[in-house]
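Reading through the structure tokens given below for one structure.
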Amino acid sequence: MPERRIRTLGSYSRMALAVRGWGFEVILTMSILVLWHVGTFIDGDGMGVLFVGAAGIALWRIPGLATRLAKKLRDQSCRRWFCDVLISCGVISRHGQIPKVEAFEKTPAGERVRLRIPAGFSSEEIEAVGPSLAATIGAREVRVLRDPGNAALAQFSIIWRDALSAPAPPWPVPTGSLWEPISLGIDEDGNPVRIGLPERNLLLGGEPGAGKSAALSLLIAAAALDPSVHLTLLDGKQVELAPWAGSAEHFVGPDMEGAIGVLKGLCTEMDRRYATLLAAGLRKIKPGGEFGLHVVAIDELAFYMRGGKRDERNELTETLRDLISRGRAAGIIVIAATQKPSSEIIPTFVRDLFSFRMALRCTTPEASDTVLGQGWASQGYSASTLDPTARGVGFLLAEGAVPVKIRTHYLDDATIAALTNRAERARGGGSQ
Ligand SMILES: Nc1ncnc2c1ncn2[C@@H]1O[C@H](COP(=O)(O)OP(=O)(O)O)[C@@H](O)[C@H]1O
Ligand SMILES: [Mg+2]
């Protein structure tokens, strides 16, 4: 913990803060006074009032100006409030300056403030102020994020309400290709979280009922709705992915032999794709090229990795490992869900091949770490701390450097029925 020093604001900073904090309001008042004086100078008080009134009405009629003005005044007052909070929490540099509020915006869960940090602060000092700020203002949490590209900038997210306690908003159904990022859910600020699937594999882990199959459904729906995407589905339970069977080239239930056959077929297809790419002097498939993306979705991965006879298990594990490790540039995307991502169930060498991981609610920090990777639980990212009643909430380790807590969108049965029908029609089948 950084050493806590009692610091006071320098008299220069206090003055600068006062002027800067009220500058906009001062200019606005002065403009009104000047107008009034001009009017009075021409023809007495009545003309002054008329001038101010006429200017007010003229400005009011400019589209959007009134809203922008109201927002500016609100932002100014929020900035002053935040400066007062920084001062009362002693966030004052050794030169007696406080961070400068550069932007203040509302988020669905609260507010986000972008600050420019003056000289004299260590990064530990800034990162450590979140809890004391939250206690001072009575917020749920204040998260401090340093800008990785500029050490002088920091973002403070003030969380007033838990955006993840209620279901995520309805899924924005993708209308374009699977090469575009798809919305998976919302983060703690209530902002959409999107992931790009090409050249990635995704592992979903968590206890039964955590929301793995629901998350898998979203990704399968996105793939099914793009008719250029090939779909292979393996479902150890059979019922979860069955609605999408009509859009899939292969659908395998709890059948080890069938699963091995389909996966081996995909390896052959992968080799064929690489041979074609090599002949064309290309290193990977591209949007609009000869080959479409091929999504392989596996629910209840443990059924296949631990089921059947020993030889079958080994053969399946080896085929899947080959597919995941070499398939990316050939456009093969593996998305798998499992209840028990431990190394006895899924060998570490297979698990580590998934570059994107999502840990939904897990029973222990160890289980959470086996999905996300070693060490995240001890850094505060443990899916065992998630509320068991908040289904579909989990930590997603994808594009960012740290896991992000998100709640996935949820497709109910009626929505799935409508989407499967749409996907099948786009693929030339389904009821018209
Ligand atoms: N994102 C979500 N939002 C709201 N409810 C969800 C969400 N995900 C799952 N659920 C609820 O939780 C139940 C179990 O989800 P499911 O995906 O089948 O869990 P798992 O596959 O992990 O066993 C679903 O039937 C649904 O009612
Ligand atoms: Mg499931």
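Values below: every heavy atom of this structure, side chains too, minus hydrogens, waters and symmetry copies. Just follow the structure's listing: the first ligand is 1, and inside any ligand the first atom is 1. Owing to the predicted nature of the structure, the values given are computational and were not obtained by experimental measurement.
- Between Ile332 and Asn201, the shortest heavy-atom distance links the atoms O-OD1, 4.0 Å.
- Counting only residues at least two apart or in different chains, ring pair (Phe, Tyr, Trp, His ring centres under 6.0 Å) contacts with residues 294-347 comprise His230-His294.
- Checked by atom type and distance alone, the side chain of Arg361 never pairs as donor or acceptor with a backbone atom of Glu207 at under 3.5 Å.
- Around the Mg ion (ligand 2), the protein atoms of type N, O or S that sit closer than 2.8 Å are Ser213 OG.
- In this view, Asp189 and Arg112, Arg143 satisfy the salt bridge (Lys or Arg N to Asp or Glu O under 4.0 Å) rule, not counting sequence neighbours.
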Between Thr415 and Asp412, does the side chain to side chain donor-acceptor pair (under 3.5 Å) criterion hold? Intermediate values first, please. CA-CA 5 Å; Thr415 313; Asp412 59 25; 2.5 Å; yes
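- At a threshold of 4.5 Å between non-hydrogen side-chain atoms, the residues Ile406 and Val393 do not count as touching.
- At a heavy-atom cutoff of 4.0 Å, ligand 1 is surrounded by Glu207, Pro208, Gly209, Ala210, Gly211, Lys212, Ser213, Ala214, Glu240, Arg391, Gly392, Arg407, Thr408, His409, Tyr410.
- Salt-bridge annotation for Glu424 and Arg427: absent, with no side-chain N of the basic residue lying under 4.0 Å from a carboxylate O of the acidic one.
- Salt-bridge annotation for Asp162 and Arg140: present, with a side-chain N of the basic residue lying under 4.0 Å from a carboxylate O of the acidic one.
- Under a 4.0 Å N-O distance rule, the pair Arg80/Asp75 does not qualify as a salt bridge.
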